[in-house]
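Computation of the quantities below employed the complete heavy-atom set of this structure, encompassing side-chain atoms and omitting hydrogens, waters and symmetry-equivalent molecules. Reminder, nothing fancy here: chain letters follow the sequence lines and each chain counts from 1.
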Amino acid sequence: MRFSELYAPTLKESPAEAEVISHKLLLRAGMIRKVAAGVYTFLPLGYRVIRKIEQIIREEMNRVGGQEILMPVIQPADVWKQTGRWDQYGPEMMRLEDRHGREFALGPTHEELVTALVMDELRSYRQLPLTLYQIQVKFRDEIRPRFGLMRGREFIMKDAYSFNANIEQLQASYSNMYDAYSRIFTRCGLNFRAIQAATGLIGGKVSQEFTVLAESGETTVLYCDACNYAASDEIATTRLPEPSTEAIKPSEVVDTPGVKSVTEVSTFLNVPETKIVKTLIYKYGAREIAAVLIRGDRDVNEEKLSALLGTTDFHLLAGIEWGDYPELVQGYVGPVGLKGARLIADNEISVMRNFVVGANKTGAHIISVNVGDDFQVQEWADVKLVKAGDRCPECDGTLLATRGIEVGQIFQLGTKYSDAFGATFVDEDGEVKPYIMGTYGIGVSRTAASAIEQHHDDNGIIWPISIAPYEVSVLVLNYDREEQKEIGDRIYGGLEERDIEALLDDRIESAGKKFADSDLVGFPLQVIVGARTIKSGNIEVKVRATGERMEFPLEQAVDKIAGTVIRMRESLKLEA
RNA sequence: CGGGGUGUGGCUCAGUUUGGUUAGAGCACCGGUUUUGGGAACCGGGGGUCGGAGGUUCGAAUCCUCUCACCCCGACCA
């Protein structure tokens, strides 16, 4: 491709709408343009990146026996009503009607459709396992789309579904997918981790997220410094501290006028926050109240609490709502003598002794409180948000925290969808059974953005060669000079012949502009054809990632460049 | 949905508080001359009616009302 013919409008300044680096650079490099909030057009360079990622995904899906299909973007309501998700999904699912008033949705995912697809014809255990996948546009009407491709409303996703006859088959499919995902993200040149994850609305039990490590990520990842435990903070757990060995003291009410928050209590009574137990009041359902006991320095993990309460419809009791519950004394709520609330205690309380709680009386706290002596706990649970410095749940190590971008997630789903549809097969033993399903997704457009988050510098993007829009840019600094034109054309032609993807910068532009654009767009290798090195019989090659410069004799240039590209490719290759 | 903010040429932004000549700058674009290895210089040029609608006024980018879009924080979520 010749740059002079390429539609790649680069920008010197980033548009004001962009916040994160991937969004800014995608816009500046002329790879995407916004159409509406969270909706983008891919320009030629951007689309080439997407297609490269898709191709890697295809190869790895096919390798583990996946078969590619293509389902529609638009889906009829009835399949969603069968699983109940028509109501569960909420406004995130974009709904529309056709001219006859029939209800449809833009597919936010395709579990329903694929189950409905196979159930009539996938009747025998002999046909199992089966894995189907597609690369398709999805639409989720995000409350707040942001960060360009990182959190769009319309996005490209690979989704795969396995239909298995039994748990062992499911685990094998899952394990294959795990391997395929590892290969995919490795081949894309990403630094990632597979972490334990919440299953949320999709359902199922076992699930892992593939997370690209990057500061701008929206997921907090906790990982062990000693073993390979890694989990999203939504579900991370921790091993409890050793039980306190303090002698139990009798409790005592003390005056704490105007002292409400944990920080204030800690200062006023001169006790560490870790010896305070706070009582958080959540309202859920119609007007039910849950009092959640948690160590003073902790935060509640509302993801865990949601699972416990069995609803997402709950919130911390807010301002005026306190008036509805006169028995609750705002700022001084405590478990001792508390009435009218479901008491949930974080299991960490169980190892604490002689702690401080609110006295359910304005301006007073109780010190030296102990479970069993001063109040009873019926419901112990893990409701805390685990943080860096906590102990690893699986070994003696300590947990560290980092941010990550979720680019893929795999689920052992079970029979949720097959049960809902009555989607069954006949097993070896003649019994009719529901398929055991797995579902496996990769955010393709998000993967492209996360690669930029992880690989960029002040000058622009640094694409891993496997997903770069072109592998080499050939910068002919003065294309209007016959000698340079001739050399540039020859190198470009030679690279094409060797199946090296090259972009010839034949524009009549200043050298500075060509360098800047090439750095910005992020081609892994720059070949520089200019008067300075031609004079000495050489051409110059720059590695974008390292800034390393090499000179090759003109007559060997094509071979040497091709050799360099092939070596770079191989650094991301995996053995078969 | 709650809170905050922004809409002025393709992009970045000034002008709005205190209404008053033909609405400005840089970048980008077009023509020319000179340049030519890190977003070149000079000369000349085209392009906006100030997000939209309505209103106030002799006069509105500027004031008022309504409305739309976009961005940020939060709730929600892969």
Side-chain angles (χ1 to χ4, degrees), chain A residues 9-20 23-24 27-28 30 33-39 88-93 108-109 111 138-153 155-159 197-202 207-212 217-219 232 234 302-303 306 312-316 318-319 404-411 439-447 450 458-460 475-481 484 505 507-521 526 528-535 539-540 542 547 549:
Chain A
T10 58
L11 268 24
K12 203 178 235 175
E13 292 174 281
S14 27
E17 72 198 42
E19 179 82 357
V20 297
H23 191 192
K24 288 182 180 168
L27 288 167
R28 285 189 53 208
R33 285 294 182 264
K34 185 174 73 180
V35 174
V39 179
Q88 279 174 33
Y89 227 106
E92 196 171 305
M93 186 156 72
T109 179
E111 280 91 9
K138 304 256 191 271
F139 195 94
R140 296 182 192 171
D141 196 3
E142 286 286 333
I143 293 174
R144 183 148 90 88
R146 59 185 127 172
F147 303 152
L149 296 188
M150 298 267 284
R151 190 170 207 74
R153 293 194 293 173
F155 55 101
I156 301 168
M157 187 167 177
K158 186 283 304 181
D159 48 317
T199 51
L201 193 56
I202 293 178
S207 173
Q208 282 165 296
E209 276 180 19
F210 285 77
T211 303
V212 170
E218 294 182 274
T219 301
S232 117
E234 291 180 350
E302 297 195 344
E303 196 76 24
S306 170
T312 54
D313 180 24
F314 66 92
H315 59 270
L316 268 175
I405 302 162
E406 183 197 338
V407 288
Q409 188 163 11
I410 57 180
F411 294 87
T439 178
Y440 318 93
I442 291 180
V444 176
S445 33
R446 182 184 280 186
T447 297
S450 65
D458 290 347
N459 295 322
L475 311 187
V476 181
L477 300 187
N478 307 99
Y479 199 75
D480 47 0
R481 291 192 193 167
Q484 290 187 31
D505 196 342
R507 295 175 299 172
I508 305 303
E509 290 282 0
S510 74
K513 165 112 174 143
K514 294 185 183 191
F515 287 126
D517 276 347
S518 189
D519 286 347
L520 174 62
V521 178
Q526 286 174 23
I528 301 154
V529 180
R532 190 190 288 170
T533 47
I534 288 178
K535 211 184 299 173
I539 58 102
E540 183 180 348
K542 186 184 102 171
R549 289 169 190 276

Sugar-phosphate, base or nothing in reach of A/S14, heavy atoms under 4.0 Å: sugar-phosphate
Heavy-atom side-chain contact between A/F147 and A/E19 under 4.5 Å: yes
B/G26 and B/G46, which share atom name P, separated by this distance in whole Å: 15 Å
A/N478 (side chain) and B/G37 (base): donor-acceptor pair under 3.5 Å: no
Complement of B/G39, any strand, by Watson-Crick or G-U distances under 3.5 angstrom: none
Sugar-phosphate, base or nothing in reach of A/R153, heavy atoms under 4.0 Å: nothing
Rounded P spacing from B/G44 to B/C50 in Å: 29 Å
Sugar-phosphate only, base, or nothing, as touched by A/E13 at under 4.0 Å among non-hydrogen atoms: base
Short side-chain to backbone donor-acceptor contact, A/T211 and A/I405, under 3.5 Å: no
A/Q409 CD to A/Q208 CD distance, which is reported to the nearest 0.5 Å: 9.5 Å
A/K158 side chain vs A/Y440 backbone, donor-acceptor pair below 3.5 Å: yes
Whole-Å distance separating the NZ atom of A/K513 from the P atom of B/A41: 13 Å
Pairing partner of B/C1 (Watson-Crick or G-U wobble, both distances under 3.5 Å): B/G74
Phosphate contact (B/C11 OP1 or OP2) by A/R28 side-chain N/O below 4.0 Å: no
Nearest-Å distance once atom P is located in both B/U49 and B/G24: 14 Å
Watson-Crick or G-U wobble partner of B/U6, both distances under 3.5 Å: B/A69
Sugar-phosphate, base or nothing in reach of A/E218, heavy atoms under 4.0 Å: nothing
B/G44 pairs with, by Watson-Crick or G-U criteria that keep both distances under 3.5 Å: B/C30
Sugar-phosphate, base or nothing in reach of A/E142, heavy atoms under 4.0 Å: base
Sugar-phosphate only, base, or nothing, as touched by A/G152 at under 4.0 Å among non-hydrogen atoms: base
Nucleotide B/U35, atom P - distance to CG of A/L477 in whole Å: 18 Å
Sugar-phosphate, base or nothing in reach of A/A16, heavy atoms under 4.0 Å: sugar-phosphate
A/T10 backbone acceptor or donor facing A/R28 side chain under 3.5 Å: no
A/R549 side chain, from C-beta outward: closest of B/C11, B/G37, B/G39: B/G37
Atom pair distance, as rounded to whole Å: CZ in A/R507 and C1' in B/G38: 13 Å
Distance in angstrom units between A/R33 CZ and B/C70 P, rounded: 17 Å
Span that lies between the C1' atom of B/A75 and that of B/G4, in whole angstrom: 15 Å
Nucleotide opposite B/U56 in a Watson-Crick or G-U pair, distances under 3.5 Å: none
Toward the 5' end of RNA chain B, by each residue's nearest nucleotide, A/Q526 or A/E302: A/Q526
Side chain of A/D517 (C-beta onward), nearest among B/C76, B/G39, B/G38: B/G39
Closest to side chain of A/R140, choosing from B/G38, B/C1, B/A78: B/A78
Rounded distance (Å) that lies between atom P of B/A69 and atom NZ of A/K34: 12 Å
Sugar-phosphate only, base, or nothing, as touched by A/A516 at under 4.0 Å among non-hydrogen atoms: base
Touch class at under 4.0 angstrom, heavy-atom based, for A/K535 against every strand present: nothing
OP1 or OP2 of B/C72 under 4.0 Å from side-chain N/O of A/R144: yes
Between B/A78 (C1') and A/L149 (CG): distance, integer Å: 15 Å
Test item: A/T533 and A/I528 side chains (from C-beta on) under 4.5 Å apart, heavy atoms: no
B/A14 versus B/C30 - spacing of their C1' atoms, nearest Å: 26 Å
Test: A/D505 and A/K513 ion pair at under 4.0 Å: no
Among B/C71, B/C76, B/C11, the nucleotide that comes nearest once only the side chain of A/I143 is considered: B/C76
Verdict with supporting geometry, A/E406 and A/T219, side-chain hydrogen bond (donor to acceptor under 3.5 Å, both in side chains): CA-CA 7 Å; A/E406 183 197 338; A/T219 301; 4.9 Å; no
Separation between the C1' atoms of B/G10 and B/U67, rounded to whole Å: 27 Å
Same-atom distance (P) from B/G52 to B/A23, integer angstrom: 16 Å
Separation of the C1' atoms in B/C71 and B/G51, to the nearest angstrom: 15 Å
Side chain of A/F515 - closest among B/G38, B/A78, B/G74: B/G38
Sugar-phosphate only, base, or nothing, as touched by A/G530 at under 4.0 Å among non-hydrogen atoms: base
First of A/A36 and A/K12 reached from the 5' end of RNA chain B, by closest nucleotide: A/K12
Euclidean distance, atom CZ of residue A/R532 to atom P of B/G37 [Å, nearest integer]: 8 Å
Which nucleotide in B/C71, B/G37, B/C11 has an atom nearest any side-chain atom of A/E540: B/G37
Expected output: side-chain A/R446 to main-chain A/M150 donor-acceptor under 3.5 Å: yes
Side-chain donor/acceptor of A/S510 to base of B/G37, under 3.5 Å: no
Between C1' of B/A28 and CD of A/E509, the distance in whole Å: 10 Å
